[in-house]
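Before any comments, here is the structure.
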Amino acid sequence: MANIDFRDDVIPDIEQLLDLYGKLGWTAYTDHPEKLEKAIRSSSYVATAWHEENLIGLARTLSDETTVMYLQDILVDPVFQGRGIGRNLLEMCLKRHKHVRQCVLLTDDRPQQKAFYESLGFTNTKDYKPAKLNCFIRF
């Protein structure tokens, strides 16, 4: 990808994080900058995408490094969406956690989300046939 630098050795500063999360309207994060900063720093793994000096994408995971990895966030600046950046960030996370038995994520119910994750080998629990699965969440 021309002019896009993928990194996993740098944690963006809070201003860069607020800018990126804000562009996507993720106010649960931007309303509490101190919590966002702590969440990023406490993540197991953080992959980022940069255009020049600007943070344009981020994916982060939480993991016990043995049985489970949660893909917590994956986001790409709307101006740069559709260029494979999200796919590359997700693949970085999957590669980093290839030794882990299961990868779990929660996402909204938009058709493009379903298509994106299915194209990368994920299965919606509603469609998983080898065994009945349920997903529970509490906010």
Side-chain angles (χ1 to χ4, degrees):
M1 245 169 268
N3 301 322
I4 306 295
D5 184 27
F6 292 92
R7 301 186 60 182
D8 62 3
D9 62 344
V10 63
I11 300 294
D13 64 39
I14 190 62
E15 290 80 19
Q16 294 165 321
L17 293 168
L18 289 171
D19 182 58
L20 179 60
Y21 280 78
K23 287 177 181 176
L24 291 151
W26 289 22
T27 57
Y29 291 89
T30 58
D31 288 348
H32 304 281
E34 69 288 349
K35 290 182 180 181
L36 172 59
E37 187 171 32
K38 183 176 181 180
I40 298 296
R41 293 193 183 285
S42 299
S43 298
S44 301
Y45 180 74
V46 178
T48 57
W50 301 83
H51 179 256
E52 298 171 357
E53 300 296 319
N54 300 310
L55 177 68
I56 61 164
L58 181 140
R60 70 184 184 100
T61 66
L62 305 169
S63 179
D64 66 8
E65 297 298 336
T66 303
T67 60
V68 65
M69 176 267 277
Y70 293 93
L71 181 63
Q72 181 58 32
D73 296 339
I74 181 166
L75 56 162
V76 175
D77 182 322
V79 171
F80 291 90
Q81 290 179 3
R83 300 183 193 184
I85 295 167
R87 174 180 297 273
N88 198 330
L89 291 168
L90 179 56
E91 287 173 351
M92 289 171 69
C93 292
L94 293 174
K95 182 178 178 183
R96 165 61 179 79
H97 294 286
K98 65 184 175 196
H99 59 284
V100 174
R101 186 170 66 91
Q102 60 183 328
C103 175
V104 178
L105 68 99
L106 298 173
T107 187
D108 59 28
D109 197 28
R110 291 180 294 154
Q112 59 268 39
Q113 296 285 36
K114 185 175 188 303
F116 175 72
Y117 290 111
E118 286 179 347
S119 75
L120 291 162
F122 286 82
T123 302
N124 190 314
T125 56
K126 295 184 290 187
D127 302 327
Y128 189 69
K129 301 298 181 204
K132 286 183 96 172
L133 290 177
N134 290 303
C135 179
F136 298 93
I137 186 168
R138 179 176 169 183
F139 283 98

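These values consider heavy atoms only, across backbone and side chains, with no hydrogens, waters or symmetry-generated copies. None of the values given here were measured: they were computed from a predicted structure. We count residues from 1, following the sequence as given.
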Show your working on side-chain contact (heavy atoms from CB on, under 4.5 Å) between Leu94 and Met69 and close with a plain yes or no.
CA-CA 9 Å; Leu94 293 174; Met69 176 267 277; 3.9 Å; yes
Do the charged groups of Glu65 and Arg96 touch, with an N to O distance under 4.0 Å?
yes
Tightest non-hydrogen contact, residues Cys93 and Leu71, listed as SG-CD1, 4.1 Å
In chain order, what residues pass the salt bridge (charged side-chain N to carboxylate O under 4.0 Å, His left out) check against Lys95, with sequence neighbours excluded?
none
To the closest 0.5 Å, what do you measure between [atom1] ([X]) and [atom2] ([Y])?
X	Y	atom1	atom2	result
Leu36	Tyr21	CG	OH	5.5 Å
Ile56	Asp5	CD1	CG	9.5 Å
Leu75	Ile85	CG	CD1	11.5 Å
Asn124	Gln113	CG	CD	12.0 Å
Asp31	Leu18	CG	CG	10.0 Å

Under the side-chain hydrogen bond (donor to acceptor under 3.5 Å, both in side chains) rule, collect the residues that match up with Thr67, sequence neighbours excluded.
Asp64
Donor-acceptor check, side chain of [X] to backbone of [Y], threshold 3.5 angstrom: yes or no?
X	Y	answer
Thr61	Ser44	no
Gln16	Asp13	yes
Asp77	Val79	yes
Ser43	Leu62	no

All pairs passing ring-ring contact (aromatic ring centres under 6.0 Å, His included) where residues 40-65 contributes a residue, at least two apart
His51-Phe80
If you count every heavy atom of other residues, nucleotides or ligands that lies below 6.0 Å from Gln102 atom CD, does the total exceed 12?
yes
Quick check: is [Y] connected to [X] through a chain of hydrophobic side chains (ILVMFWY, heavy atoms under 4.5 Å apart)?
X	Y	answer
Val100	Ile74	yes
Phe122	Phe116	yes
Leu20	Leu89	no
Val46	Val10	yes
Ile40	Leu55	yes

Side-chain heavy atoms of Leu24 within contact of Tyr29, under 4.5 Å:
no
Please assess Leu106 against Tyr70 for the test side-chain contact (heavy atoms from CB on, under 4.5 Å), listing each intermediate value before the final yes or no.
CA-CA 9 Å; Leu106 298 173; Tyr70 293 93; over 6 Å; no
Among His99, His97, Gln72, exactly one meets side-chain contact (heavy atoms from CB on, under 4.5 Å) together with Ser63. Which residue is that?
His97
Checking Glu37 against Ile11 for the side-chain contact (heavy atoms from CB on, under 4.5 Å) test, could you report, in this order, the C-alpha distance in whole Å, the side-chain angles of both residues, the deciding distance, and whether it holds?
CA-CA 9 Å; Glu37 187 171 32; Ile11 300 294; over 6 Å; no
Leu58 vs Leu17, test: side-chain contact (heavy atoms from CB on, under 4.5 Å). Steps then yes/no.
CA-CA 9 Å; Leu58 181 140; Leu17 293 168; 3.7 Å; yes
